Amino acid sequence: MDNPFLEFYSVIRILVWLGLAVLGFLLALIVRVIQGKSAGEAAKNAVEAGLTTLVGALFAQLIVAFFIWLGGATDAAMIGTGFFLMIWPGIIDMIGLAATGDSLWGVPGYLWIAMALGAGGGWFDGFHKVHNWTGLGVVTFLSDFTWGLPLNVNAFLIHLINLGWGNFQDGDGRRGAHRYARGFAIKPGFAFTQGNVLSSLGNGPGAGIYTHEQTHVFQNRLFGPFFWMTYFGWLILFGAAGLIGMIAPGKNSANVRISNNFPMWWGYFNNPWELWAYTHNPTGRTGNLPAGDGTGWLDWPVVVKVILSVIGEAILLALILLAIWRIWFP
Ligand SMILES: [Zn+2]
């Protein structure tokens, strides 16, 4: 078996890792100078970007190596780690394994991918100066590149998609998250948060919707892979239930708007992670209720919400644990 930790002694890997940090430093320096910042200011920002590139790349590799090692460095351990901790590399490798019978990346490949993702995401964090180093910055930064890595992979992709047209807001201060007023979104008019990137969010600190999106950043840091798994698990499970609700006979034809939005209501608005986040901007949720027309049943009593949440989470958690068990102990 390959011990993934032996990879850290590879000279070429160390050189590339250090090289990325130097590149991160230079890139930040050049961009800031072009933007007309003073030499001192540009240099300070560049040092931060270089360091976050260096440390982000290191910790992303460490957490990936740890879980691959934990699973005995088998194909299943690699794919499980790739899927739970980095999402896309694991999905691509599942297809690769099914097609070729071998992991596409192997242990070294997974660690190269982790290095690239950690370096890229880390660079943006340092360049945009989002972590509050005199407060909880170390905690927010390290959790984003270890336990919270999966959705920060998507965060990095959103940075890349938003390059050029997404207008980054640099007046928020060091609040542990990036914000693009205009940027990638799933649904027009809705903000979209992945990892520590708040995209398509016009409202800054102090607004309920801002706190709502920051809640998702916190949920990811605290629950890591379980957050994205259960969030999307719920969305799919109850979104599908909502689709059935739409075509089921006896639906409330008096309210076509809501009836046609069952997947949105069941999968999204009543998603436990959203119920939690919407406590900060309840009008954003209840504003969509057909108030006073007698069909407000979708705003279920709190007790029902909690019971549904617990049942849904328990089912999904059980499925995930079963999947992990089957992958790691085939
Ligand atoms: Zn939300």
Side-chain angles (χ1 to χ4, degrees), residues 87 130 140 143-144 147-159 161-162 166 168-169 172 175-243 257-258 261-289 296 298-300 302 304-306 308-313 316-317:
I87 308 177
V130 295
T140 56
S143 61
D144 282 346
W147 189 232
L149 181 64
L151 287 187
N152 278 296
V153 169
N154 286 354
F156 176 48
L157 298 178
I158 291 174
H159 279 308
I161 293 168
N162 285 356
F168 178 75
Q169 305 295 303
D172 289 358
R175 292 170 190 271
H178 309 254
R179 181 166 69 89
Y180 293 90
R182 179 179 63 237
F184 180 79
I186 296 291
K187 196 172 159 64
F190 278 70
F192 185 60
T193 294
Q194 294 280 284
N196 65 16
V197 170
L198 322 177
S199 188
S200 180
L201 178 60
N203 301 79
I209 179 76
Y210 180 87
T211 314
H212 172 123
E213 300 306 327
Q214 276 277 21
T215 304
H216 292 316
V217 178
F218 175 72
Q219 289 167 338
N220 181 57
R221 284 178 180 143
L222 195 60
F223 294 96
F226 293 105
F227 170 53
W228 84 261
M229 289 294 294
T230 54
Y231 188 105
F232 290 104
W234 180 284
L235 196 65
I236 293 162
L237 202 69
F238 286 84
L243 279 175
R257 184 171 66 89
I258 291 294
N261 267 326
F262 275 3
M264 182 77 179
W265 277 97
W266 288 28
Y268 172 74
F269 280 118
N270 282 341
N271 191 313
W273 299 106
E274 290 299 344
L275 289 173
W276 175 358
Y278 270 109
T279 57
H280 298 289
N281 59 331
T283 52
R285 180 174 188 277
T286 55
N288 288 298
L289 276 177
L298 280 162
D299 193 15
W300 294 329
V302 171
V304 178
K305 288 177 194 168
V306 170
L308 269 178
S309 301
V310 170
I311 293 171
E313 295 304 315
L316 288 161
L317 189 62

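For the single chain, residues carry numbers from 1 onward in sequence order. Computed from a predicted model, the values in this text were never measured in an experiment. As the structure lists them, so they are numbered: ligands from 1, and atoms in each ligand from 1. Hydrogens, waters and symmetry mates are skipped; everything else that's a heavy atom, side chains included, is used.
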- Go through the side-chain N and O atoms of Y231 and E274 and say whether any donor and acceptor fall under 3.5 Å apart. yes
- Message: At a threshold of 2.8 Å, where the distance has to be below it, does the Zn ion (ligand 1) have an N, O or S atom of E213 nearby?
- Response: no
- Describe, in one word, how the ring planes of F226 and W147 are oriented to each other, choosing from parallel (under 30°), tilted (30 to 60°) and perpendicular (over 60°). tilted
- Which is the closest N/O/S atom of E274 when seen from the Zn ion (ligand 1)? OE1
- Message: For H159 and F168, I'd like to know if the aromatic rings sit close, meaning centre-to-centre distance below 6.0 Å.
- Response: no
- Item | Metal site angle (apex the Zn ion (ligand 1)), NE2 from H212 and NE2 from H216, 10 degrees | 100°
- Query: Would the F223 and W273 ring centres measure less than 6.0 Å apart?
  - Reply: yes
